[in-house]
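All ligand and atom numbering here is 1-based and tracks the order in the structure.
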Amino acid sequence: MSVTKSVIEKVKHMDPEQKEFHQAVEEVMETLEPTAERHPEFVKNNIYERIVEPERTIMFRVPWADDKNNVHVNRGFRVQFNNAIGPFKGGIRFHPSVNLSIIKFLGFEQIFKNSLTTLAMGGGKGGSDFDPKGKSDAEIMRFCQSFMRELFRHIGPETDVPAGDIGVGGREIGYMYGYYKKIRNDHTGVLTGKGIEYGGSLVRPEATGYGAVYFAAEMLGTRGHDFKGKRVAVSGAGNVAQFAIEKVNQLGGKVISVCDSSATIIDEAGIDNDKLRYLMELKNLRRGRVSEYADTYKTDCFEGKNVWDVIREQGIKIDVALPCATQNEIDGANAQGLADNGCFCVAEGANMPSSPEAVRVFQASNFLFGPGKAANAGGVATSGLEMSQNSSKLSWSRDEVDGKLLNIMKGIHKSCLDAAEAYGKNGDYVTGANIAGFVKVAKAMIAYGVI
Ligand code: GLU
């Protein structure tokens with residue numbers, strides 16, 4: 001059995017219940033097989049087996065009191081996966097689905113994603129099964145403080161630098177960073193995604209969505225296309241989706257969908273900038289449902305369905321898909337639905353939104369398919385830029401940060417294509433992203449010896 005296959009077997013055997021983690025490992029290891037032949041030193045140093053084992057896994061109790069003084073307890077996680085090329089770096093997710101498998105899959109992906117950015121960042125991820133939905137501001141604050149009351153001892157600006165993810169945005173980062181600052185008595189910018197007044201970077205809120213669209217534009221360019229006049233489906237309605245829509249609008253495309261956990265809306269007229277402002281106010285300030293958008297703008301609303309179900313069932317024609325919601329949101333049947341309805345380009349704004357069956361459909365149908373670890377790396381890349389600004393006590397202008405983000409996304413796109421070509425897999429962004437991200441980390445791990 002090849003070394004990469006035996007690693008997949010071992011991971012499944014050791015933690016049989018960690019399905020999402022298996023999926024992420026399998027997707028990466030399958031494409032890394034040829035690196036073992038070309039780099040016997042990776043095999044000799046057992047890098048494949050070492051890289052799937054986190055450096056450290058921290059699990060902790062997070063007790064908190066609600067507004068009526070009822071006491072609750074949630075579970076907190078921080079998986080410090082790999083710090084070969086820089087401090088552990090990756091977001092924190094608050095969502096009821098969070099468990100060790102999900103945090104390990106996200107942390108594992110983050111190793112390769114962060115490596116692709118070319119910045120000095122290792123991979124990590126954290127979170128809790130806490131459900132922010134319906135909680136008051138005061139409850140969110142108390143939860144964040146309790147979470148940080150334990151996390152603070154494990155992180156630091158040169159050790160581990162968390163940020164946001166699903167359920168963790170500017171408000172939560174503010175509460176967590178404020179608490180860290182209070183108990184550590186230092187202002188070292190240990191979290192990224194901070195508010196602009198206290199060490200955040202311009203363009204960080206926009207960066208994941210903008211970056212995914214920049215990446216998609218690069219992919220489209222390889223076939224002589226751009227966003228002008230393209231019909232684009234976006235899923236999700238949070239931070240990534242919102243700024244992906246903004247950038248598609250700037251580039252002349254038309255976004256016809258968004259969704260949340262309750263419904264999908266299809267707006268044939270396109271979500272223009274005015275409607276986008278409304279959506280931002282609805283989701284970020286009022287924390288309402290997309291069905292309100294449908295009521296306000298008299299658009300179609302499909303309760304209990306995601307964007308990909310609706311495209312397949314209603315036969316909605318689109319050119320480009322930007323899944324910006326969550327893992328495994330596109331199954332095989334819905335991927336086929338995209339192919340049948342004219343879609344030929346997918347850039348993943350979320351982490352692992354396409355199931356393995358969906359990825360097989362995209363590849364068999366000759367899609368331009370940008371996997372999350374490449375296409376959504378703009379967020380963490382701009383976190384890296386925030387870290388640089390914090391350590392130099394400077395803040396860069398919007399144009400400077402946006403320019404760097406664009407260059408980083410172009411660079412990631414080129415690295416993917418170059419690595420794919422070097423391994424005889426022209427145009428295969430999945431193989432290219434995995435190999436380009438992996439080789440750098442593997443070489444660093446070898447340099448350190450067996451530690
Ligand atoms: N959660 C984001 C991601 O999946 C951002 C992480 C960060 O900025 O550290 O990459």
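A 6.0 Å sphere centred on CD of E158 holds no more than 12 heavy atoms belonging to other residues, nucleotides or ligands.
Looking only at side-chain heavy atoms (C-beta outward), L251 and V213 come within less than 4.5 Å of each other.
The cationic group of K410 does not satisfy the cation-pi geometry with F215, failing either the under 6.0 Å distance to the six-membered ring centre or the 45° limit from the ring axis.
Residue pairs meeting the ring-ring contact (aromatic ring centres under 6.0 Å, His included) criterion with at least one member in residues 369-392, sequence neighbours excluded, are F362-F369.
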For residues 84-93, please give each side-chain donor-acceptor pair under 3.5 Å, one per line with the distance, not counting sequence neighbours.
residue	atom	partner	partner atom	Å
K89	NZ	V161	O	2.7
K89	NZ	T192	OG1	3.0
R93	NE	D165	OD2	2.7
R93	NH1	Q327	OE1	2.9
R93	NH2	D165	OD2	3.0

Write 'none' if nothing qualifies; otherwise put on separate lines each N/O atom of ligand 1 with a protein N/O atom under 3.5 Å away and their distance to 0.1 Å.
residue	atom	partner	partner atom	Å
ligand 1	1 (N)	K125	NZ	3.3
ligand 1	1 (N)	G164	O	2.8
ligand 1	1 (N)	D165	OD1	2.8
ligand 1	4 (O)	K113	NZ	3.0
ligand 1	4 (O)	K125	NZ	3.0
ligand 1	4 (O)	N351	ND2	3.1
ligand 1	8 (O)	R204	NH2	3.0
ligand 1	8 (O)	S383	OG	2.6
ligand 1	9 (O)	K89	NZ	2.7
ligand 1	10 (O)	Q110	NE2	3.0
ligand 1	10 (O)	K113	NZ	2.8

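Legend: residues meeting salt bridge (Lys or Arg N to Asp or Glu O under 4.0 Å) with E20, ordered by chain and number and at least two apart, are absent.
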